[in-house]
Amino acid sequence: MELINGNPFWPTTLQPNPSYPVLKTNLSCDTLIIGGGMGGALSGKLLTERGINTVVIDKRKIATGSSMANAGLLQCANDKTLTSCINTFGEQQGVRFYELCRNAMQQLKEIVSNLEMDTWFVPRTSLYCASTEDDVIKLEEEYNTLRQYGFDVELWNREKIENHYPFSRAAALYTYGDAEVNPYRLVHALLQSSAQKGARIFEQTEMTHCDFKEDGVICYTPQGTIKAKHVIFSTGYETQEIKNDRGAYLQSTYAIATKPVKDLSSWYEQSMIWETSRPYLYMRTTPDGRIIAGGLDEDIPREEQRAIRALNRAQVLLEKVTEYFPLSDLEIDYAWEATFGDTHDGLPFIGPHPEYPNSYFLEGYGGNGTIYSMIAASLLTDAIIGEENTDLELFSLTRSSKPSPV
């Protein structure tokens, strides 16, 4: 599967790019992680901290799959609002999902603080803007719901938005406790830390097939085998080529990084900005003064049209950024299109599957993929070391495609 078209910004921020060996022998381990992106890196970090003998493989260069296209916004809120989650899953499960996202945000902050490599992790606030007047009522309802269940949020009216930003919107939710990160550097920093604790990491090492046994799994690669007691498939959107999830679907998403902007003083606290409209626009800044913007999700174009479509969408993104921040020196420096996965009910898929013994799947589908990967890494680490965690049931791969609130 072709995951990325174009010229992503993140790999330019870590030169030379770290490299890892190709597997050319037979190995055994407690846990094999297939996929060296965000989910695999976080899982490897937690497992090695618990003393689990871990191997990580990736068929590409490490962190050059979907993690390279990740925009690096880390938020407690989701594309699916808390109000909507409660309406879909019931109060207990809907609120618990949002609590898990908040806990994951705190866990990520703690993990990053102990990494040797600078991951460009910066605590941020977020501004969730009403795209139209009709969306104000929805934002007011979401504000009341978030406040009711203890989430730190303010409801801003038009006057307050205009007093802090160079644009105007009818209303917005202003939330605390979020952050931005460089996903490419974060993946490498996590794996570097795991390797120091004994994890073995291999790139350009493809899983050709697996034999699932009663006592474990044997993974075959072109030049070696890996026998593991457990396997975590952290293969991102390409998981759909291994097994098809009826509740998941794939689209194209787009992003740009501008050249460094001289003056961002009009951008209040350089908070992360996103919209209620779907497909939406999101924006953030970088430590070197760039603006990263993305969104405009749509059905995947035909193969011969993807490159042209990416150029067109890049220009649209720049125009939308200019509507918010009419800066004279806005210019695209990097632009890319990427495959993006989501689920119909708004929750990721995490856990075992009855057709794959001794295996777990980590599918952080949705607009909050890094947060979901953190949740998944925690839940799967508990499962592998034998600690029961009922939160895993919320993300079951075999859950109903038409949930109803309890």
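These numbers come from a predicted model, not from an experiment.
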Check: Pick from Arg246, Lys80, Arg399: which one makes a salt bridge (charged side-chain N to carboxylate O under 4.0 Å, His left out) with Asp345?
Finding: Arg399

Item checked: Side chain Asn312, main chain Ile308, donor-acceptor under 3.5 Å -> no

Note to self: To the closest 0.5 Å, what do you measure between OH (Tyr324) and CZ (Arg169)?
What the structure shows: 4.0 Å

Notebook entry, point to check: Just by modelled atom types, is the Gly236 backbone N or O under 3.5 Å from a matching donor or acceptor in the Gln240 side chain?
Noted result: no

Item checked: Separation of Asn103 CG from Met105 CE (nearest 0.5 Å) -> 11.5 Å

Checklist line | Side-chain donor/acceptor of Thr225 to backbone N/O of Cys219, under 3.5 Å | finding: no

Next item on the list: Would you check if Asp342 and Asp297 make a side-chain contact, meaning some heavy-atom pair closer than 4.5 Å?
Entry: no

Notebook entry, point to check: Above 12 or not: heavy atoms from other molecules or residues under 6.0 Å from CD of Glu388?
Noted result: no

Next item on the list: Please name the pair of heavy atoms, one in Val181 and one in Trp10, separated by the smallest distance, quoted to 0.1 Å.
Entry: O-CH2, 4.0 Å

Notebook entry, point to check: Does a sphere of radius 6.0 Å around CD in Glu214 hold more than 12 heavy atoms from other residues, nucleotides or ligands, not counting ones at 6.0 Å or beyond?
Noted result: no

Next item on the list: Determine, for Arg290 against Asp288, whether the closest basic-nitrogen to carboxylate-oxygen distance falls under 4.0 angstrom.
Entry: yes

Item checked: Donor-acceptor pair, side chain of Thr285 and main chain of Ile291, under 3.5 angstrom -> no

Note to self: Do Val217 and Lys213 have side chains that approach each other closer than 4.5 Å (heavy atoms only, starting at C-beta)?
What the structure shows: no

Next item on the list: Begin from the C-alpha positions of Phe212 and Tyr356 and carry the test ring-ring contact (aromatic ring centres under 6.0 Å, His included) through to its verdict.
Entry: CA-CA 7 Å; Phe212 300 92; Tyr356 300 87; 5.4 Å; yes

Item checked: Ala172 versus Leu127, closest heavy-atom pair with distance -> CB-CD1, 3.6 Å

Next item on the list: Say whether Ser126 and Ser271, considering side chains only, have a donor N or O and an acceptor N or O under 3.5 Å apart.
Entry: no

Item checked: Where Asn7 and Asp333 come nearest, the two heavy atoms and their spacing -> ND2-O, 4.2 Å

Next item on the list: Verify whether one side chain among Ser131 and Thr276 offers a donor that lies under 3.5 Å from an acceptor in the other.
Entry: yes

Check: Below 4.0 angstrom, N of the basic side chain to O of the carboxylate: do Glu99 and Arg96 qualify?
Finding: yes

Checklist line | Nearest-0.5 Å distance that lies between atom CG in Asp135 and atom CD in Glu275 | finding: 9.5 Å

Next item on the list: Taking atom NZ of Lys259 as the centre, report whether more than 12 heavy atoms of other residues, nucleotides or ligands fall under 6.0 Å from it.
Entry: no

Note to self: Quick check for you: to the nearest 0.5 Å, what is the distance between His188 atom NE2 and Thr13 atom OG1?
What the structure shows: 9.0 Å

Check: Taking all atoms of both residues into account, what is the closest heavy-atom pair of Gly351 and Leu397, and its distance?
Finding: N-CD1, 3.5 Å

Margin query: Can you tell me how the ring of Tyr268 sits relative to the ring of Tyr165, calling it parallel under 30°, perpendicular over 60° and tilted otherwise?
Written below: perpendicular

Margin query: Regarding Asp30 and Asn53, do their side chains bring together a donor and an acceptor under 3.5 Å, going by distance alone?
Written below: no

Check: Backbone N or O of Met117 within a donor-acceptor pair of the Arg185 side chain at under 3.5 Å?
Finding: no

Check: More than 12 heavy atoms of other residues, nucleotides or ligands under 6.0 Å from CD1 of Ile137: is that the case?
Finding: no

Check: Taking all non-hydrogen atoms of both residues, which atom of Ile375 and which atom of Ala104 are closest, and how far apart?
Finding: CG1-CB, 3.7 Å

Notebook entry, point to check: What do you reckon, is CD of Glu110 surrounded by more than 12 foreign heavy atoms closer than 6.0 Å?
Noted result: no

Item checked: Carboxylate-amine/guanidinium proximity below 4.0 Å for Glu238 and Lys59 -> yes

Next item on the list: Count the heavy atoms of every other residue, nucleotide or ligand shown that sit under 6.0 Å from CZ of Arg147, and state whether that count exceeds 12.
Entry: no

Next item on the list: Say whether, by atom type as modelled, one donor and one acceptor occur between the side chain of Arg313 and the main chain of Tyr254 under 3.5 angstrom.
Entry: no

Check: Do the rings of Tyr98 and Phe151 sit parallel, tilted or perpendicular, given the 30° and 60° boundaries?
Finding: perpendicular

Checklist line | Pi-cation contact, Phe361 with Lys243 (under 6.0 Å, within 45°) | finding: yes

Margin query: Under a 4.0 Å threshold between the charged nitrogen and the carboxylate oxygen, would Lys45 count as salt-bridged to Glu49?
Written below: yes

Margin query: Once rounded to the nearest 0.5 Å, what's the spacing between atom CZ of Arg200 and atom CG of Leu32?
Written below: 10.0 Å

Notebook entry, point to check: Heavy-atom distance under 4.5 Å between the side chains of Val95 and Leu82, does that happen here?
Noted result: yes

Checklist line | Check: Thr398 side chain, Ser396 main-chain N or O, donor-acceptor pair, under 3.5 Å | finding: no

Notebook entry, point to check: Is the number of heavy atoms from other residues, nucleotides or ligands within 6.0 Å of NZ (Lys160) greater than 12?
Noted result: yes

Check: Between atom OG1 of Thr235 and atom CD1 of Ile34, what is the distance when rounded to the nearest 0.5 Å?
Finding: 7.5 Å

Next item on the list: Verify whether one side chain among Glu203 and Ser19 offers a donor that lies under 3.5 Å from an acceptor in the other.
Entry: no

Notebook entry, point to check: For Leu281 and Leu317, which heavy atoms make the closest approach, and how far apart are they?
Noted result: CD1-CD2, 3.6 Å

Note to self: Which residues pass the side chain to side chain donor-acceptor pair (under 3.5 Å) test with Tyr249, not counting sequence neighbours?
What the structure shows: none

Margin query: Is the ring pair Tyr237/Phe340 parallel, tilted or perpendicular, if the boundaries are 30 and 60 degrees?
Written below: perpendicular

Note to self: Classify the ring geometry of His230 against Tyr360: parallel below 30°, tilted from 30° to 60°, perpendicular beyond 60°.
What the structure shows: tilted

Notebook entry, point to check: Is the backbone N or O of Thr83 less than 3.5 Å from a side-chain atom of Glu142, with the two atoms forming a donor-acceptor pair by type?
Noted result: yes

Check: So which pairs with a foot in residues 114-134 pass ring-ring contact (aromatic ring centres under 6.0 Å, His included), sequence neighbours left out?
Finding: Tyr128-Trp274

